[in-house]
Amino acid sequence: MRNPLPGIVATLLLAAGCTTAEDVSLREPVSASADALTEEECDEYADPLFGNCNEPVDRDSCQSIDWDMHREPTGDYACFGYKPDLDVCRNCNRLNLPNTVYSLCKNKQYMDCLMNGHLDNHGALCFVTSIEDIDAHLTYVTPREACYYRQQTGTWPPQCPTELACPSPCECTGGTDHLGNPVSASCGQSVCGADYQSYDCVQGQWIATGGACGGSCQCTGGTDYLGNPVSASCGQSVCGADYQFYGCVQGQWVATGSACGGSGG
């Protein structure tokens, strides 16, 4: 019996990587403009870059906020940048605040908490999008963050280390679809697996969505080890009349090679 898509995991990559700050309210451009961000352009924009923000940035306040991280990072990086770059960053972990609490001021507060050293388990701040690829027009969050960092420190924010693979090609491989064909997908795509369940490609891993796909899949006309007529849905197994297990795969009974039923031979 062919296994469904491999590598299904409840958590994303275990390698040390990034905690990402993402604009969950505004839309980042899919690709950066040729009008790249410069120091002069940052200086031309009116302050404050994030509006009149008064979020507290003392240690207790920073530590008390639920930043909604999917896993605890260990010695890694807090990553910023355009959403398409974050999406293909295998080692970046997502930081998503609910829309009910998100605002530009939350972005600023998170940066201040990081730069003041008040988030001990969030790693160092870095950008997955290079300064040369950031659009100069401050209608989106990433340019504001880059300029704010420069205003506060006198330097551009550091680029994320290359060994983090941020960004890197994001692809899931080694799967089998519901037609029995080898399958791969880019991050963000979905496929129908050999078990007739839908799988998403997320940060290089196949993640089951819980949804059925591929139409009905059933094996009929079988006889179990008790002599009863039997049918099964794809992905199920039964003990056959010869006391061997059979799996239902793509509408066909396929012997697994395992004995069953307490007899046979």
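Keep in mind it's a predicted model, so treat the numbers as computed, not measured. In this chain, numbering begins with 1 at the start of the sequence shown.
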>> Set out, in order, the CA-CA distance, both residues' side-chain angles and the distance that settles side chain to side chain contact (heavy atoms under 4.5 Å, CB included) for Cys239 and Asp224, then state yes or no.
In response: CA-CA 6 Å; Cys239 186; Asp224 68 14; 5.7 Å; no

>> It should be assessed whether the SG atoms of Cys248 and Cys219 lie less than 2.5 angstrom apart.
In response: yes

> Would you say the side chain of Leu119 lies within less than 4.5 Å of the side chain of Cys113, judging by non-hydrogen atoms?
Replying inline: yes

> If you take all heavy atoms of Ala185 and Cys201, which pair is closest and at what distance?
Replying inline: O-SG, 3.5 Å

> Do Val57 and Leu114 share a hydrophobic cluster, counting only Ile, Leu, Val, Met, Phe, Trp and Tyr and linking them when any side-chain heavy atoms are less than 4.5 Å apart?
Replying inline: no

>> Quick one: does any side-chain atom of Gln109 pair with a main-chain N or O of Pro56 as donor and acceptor, under 3.5 Å?
In response: yes

>> Set out, in order, the CA-CA distance, both residues' side-chain angles and the distance that settles disulfide bond (SG atoms under 2.5 Å apart) for Cys79 and Cys160, then state yes or no.
In response: CA-CA 7 Å; Cys79 299; Cys160 292; 3.5 Å; no

> Near Gln63 CD, under 6.0 Å, is it more than 12 heavy atoms from other residues, nucleotides or ligands?
Replying inline: yes

>> Just to verify, what does Ser231 make a side chain to side chain donor-acceptor pair (under 3.5 Å) with, not counting sequence neighbours?
In response: none

> Taking only residues two or more places apart in sequence or in another chain, which ones pass side chain to side chain donor-acceptor pair (under 3.5 Å) with Asp58?
Replying inline: Ser61

> Looking at residues at least two apart in the chain, or sitting in another chain, which of them share a salt bridge (charged side-chain N to carboxylate O under 4.0 Å, His left out) with Asp112?
Replying inline: Lys108

> Partners of Ser64 by side chain to side chain contact (heavy atoms under 4.5 Å, CB included), sequence neighbours excluded?
Replying inline: none

> Would a hydrophobic clustering, with Ile, Leu, Val, Met, Phe, Trp and Tyr connected at side-chain separations under 4.5 Å, put Ile131 with Leu125?
Replying inline: yes

> In Å, rounded to the nearest 0.5 Å, how long is the span from CG of Asp60 to CD1 of Ile65?
Replying inline: 11.5 Å

>> Can a donor-acceptor pair be found, under 3.5 Å and without considering hydrogens, that links the side chain of Thr209 to the backbone of Ser198?
In response: yes

>> Once rounded to the nearest 0.5 Å, what's the spacing between atom CG of Asn107 and atom OG1 of Thr142?
In response: 8.5 Å

> Val128 and Tyr82: side chain to side chain contact (heavy atoms under 4.5 Å, CB included), yes or no, with the steps?
Replying inline: CA-CA 8 Å; Val128 298; Tyr82 285 138; over 6 Å; no

>> Do Leu37 and Asp135 have side chains that approach each other closer than 4.5 Å (heavy atoms only, starting at C-beta)?
In response: no

>> Restricting to ring pair (Phe, Tyr, Trp, His ring centres under 6.0 Å), what partner residues turn up for Tyr148, sequence neighbours left out?
In response: Phe50

> Got a sec, which residues hit side chain to side chain contact (heavy atoms under 4.5 Å, CB included) with Gln244, two or more places apart in sequence or on another chain?
Replying inline: Asp242, Tyr246, Ala259

> Who are the side chain to side chain donor-acceptor pair (under 3.5 Å) partners of Thr220, not counting sequence neighbours?
Replying inline: none

>> According to side chain to side chain contact (heavy atoms under 4.5 Å, CB included), who are the partners of Asn52, at least two apart in sequence or on a separate chain?
In response: Pro48

>> Set out, in order, the CA-CA distance, both residues' side-chain angles and the distance that settles side chain to side chain contact (heavy atoms under 4.5 Å, CB included) for Asn181 and Val183, then state yes or no.
In response: CA-CA 6 Å; Asn181 301 314; Val183 67; 5.9 Å; no

>> With rounding to the nearest 0.5 angstrom, report the OH to OG distance, Tyr199 to Ser190.
In response: 12.0 Å

> Can you list the steps and then say if Phe80 with Val141 is a side chain to side chain contact (heavy atoms under 4.5 Å, CB included)?
Replying inline: CA-CA 10 Å; Phe80 294 76; Val141 175; over 6 Å; no

> Mind checking what makes side chain to side chain contact (heavy atoms under 4.5 Å, CB included) contact with Ser130, not counting sequence neighbours?
Replying inline: Glu132, Asp133, Gln159

> So, Tyr149 side chain and Cys126 main chain: donor-acceptor pair closer than 3.5 Å or not?
Replying inline: no

> Would a distance-only check, ignoring hydrogens and angles, find a side-chain to backbone donor-acceptor pair under 3.5 Å from Arg150 to Trp156?
Replying inline: no

> For the atom pair CZ (Phe245) and OH (Tyr225), what is the distance rounded to the nearest 0.5 Å?
Replying inline: 9.0 Å

> Hey, does Leu226 have a side-chain heavy atom less than 4.5 Å from the side chain of Asn228?
Replying inline: yes

> Which distance, rounded to the nearest 0.5 Å, do you find between the CD1 of Ile207 and the SG of Cys172?
Replying inline: 8.0 Å

> To the nearest 0.5 Å, what is the distance between CG (Asp195) and OG1 (Thr176)?
Replying inline: 10.0 Å

> Heavy atoms, side chains only, cut-off 4.5 Å: are Trp206 and Asp200 in contact?
Replying inline: no

> With sequence neighbours left out, what residues match Glu55 under side chain to side chain donor-acceptor pair (under 3.5 Å)?
Replying inline: none

>> Closer than 3.5 angstrom, by distance alone: can the side chain of Asn116 be matched with the main-chain N or O of His118 as a donor-acceptor pair?
In response: no

> Of all heavy-atom pairs between Ala146 and Pro157, which one has the smallest distance, and what is that distance?
Replying inline: O-CD, 3.8 Å

